[in-house]
Amino acid sequence: MIFITIEDFYQKAASCQKLTREEEIHYATQMNAGDCAARQKLIESYLPMVAGYVKRTKPHMQTLVLALYCLQALERAVDSFDFLQDRESFTHRLSWWLRQAVTSYIARR
């Protein structure tokens with residue numbers, strides 16, 4: 001995904017739809033079999049959560065660089081989470097990764 005401004009990121013996130021649990025399991029099964037399109041679909045379904053997290057930061061921190069840090073965190077969370085067996089929710093794992101991304105962004109500023 002390529003974004004030019006933070007508004008482009010917010011606009012893309014607003015156009016994405018959340019998956020149902022059955023769809024998540026379906027795409028996770030395909031992703032585990034090596035389907036990159038299924039991985040991308042899982043990532044796009046959680047873009048609204050990432051955008052909401054970026055919007056909740058202080059106004060001077062809402063930059064495209066922070067959004068990219070958070071997108072990397074989303075990709076790490078999708079890659080490390082086993083949708084078929086983990087007992088914790090994916091949003092719990094994702095929120096942990098997002099907190100790490102914001103901390104990393106602040107440390108490198």
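Heavy atoms only: backbone and side chains are in, while hydrogens, waters and symmetry mates are out. Bear in mind the structure is a predicted one, so any value in this text is a computation, not a measurement.
Remark: Q100 CD to S95 OG distance equals 10.0 Å, nearest 0.5 Å. Of the inter-residue distances, the one linking L47 atom CG with L71 atom CG reads 6.0 Å to the nearest 0.5 angstrom. A distance of 7.0 Å separates OG1 in T29 from CD1 in I25, rounded to the nearest 0.5 Å.
Among all heavy-atom pairs drawn from A101 and A73, the shortest one is CB-CB, 3.9 Å. Between Y69 and S104 the shortest heavy-atom distance is CE2-OG, 3.6 Å. Counting all heavy atoms, side chain and backbone alike, P48 lies closest to A13 at CG-O, 3.3 Å. Nearest approach of L42 to L19, heavy atoms of both residues: CD2-CD1, 3.9 Å. Residues F9 and A51 share a closest heavy-atom pair of CE2-CA, 3.7 Å.
Take A38 and apply the side-chain contact (heavy atoms from CB on, under 4.5 Å) test, not counting sequence neighbours, and it matches Y27, Q30, M31, D35. Listed by chain and number, the residues in a side-chain contact (heavy atoms from CB on, under 4.5 Å) with S80 are R93, W97 (sequence neighbours excluded). Residues forming a side-chain contact (heavy atoms from CB on, under 4.5 Å) with E75 (at least two apart in sequence, or on another chain): R39, I43.
Counting only distance, with no hydrogens or angles, the side chain of Q85 and the backbone of D82 share no donor-acceptor pair below 3.5 Å.
Within a 6.0 Å radius of CD in Q11, other residues, nucleotides and ligands contribute 12 heavy atoms or fewer.
The side-chain hydrogen bond (donor to acceptor under 3.5 Å, both in side chains) analysis of residues 47-64, with sequence neighbours excluded, yields the pairs T63-Y105. Applying the ring pair (Phe, Tyr, Trp, His ring centres under 6.0 Å) definition to pairs two or more places apart or across chains, those involving residues 28-50 are Y46-F90. Residue pairs meeting the salt bridge (charged side-chain N to carboxylate O under 4.0 Å, His left out) criterion with at least one member in residues 5-21, sequence neighbours excluded, are K12-E44, K18-E24, R21-E24.
Hydrophobic clustering keeps W96 apart from V78 (ILVMFWY residues linked when any side-chain heavy atoms are closer than 4.5 Å, directly or through intermediates).
Under the side chain to side chain contact (heavy atoms under 4.5 Å, CB included) rule, V54 has a single partner from L66, L98, V102, which is L66.
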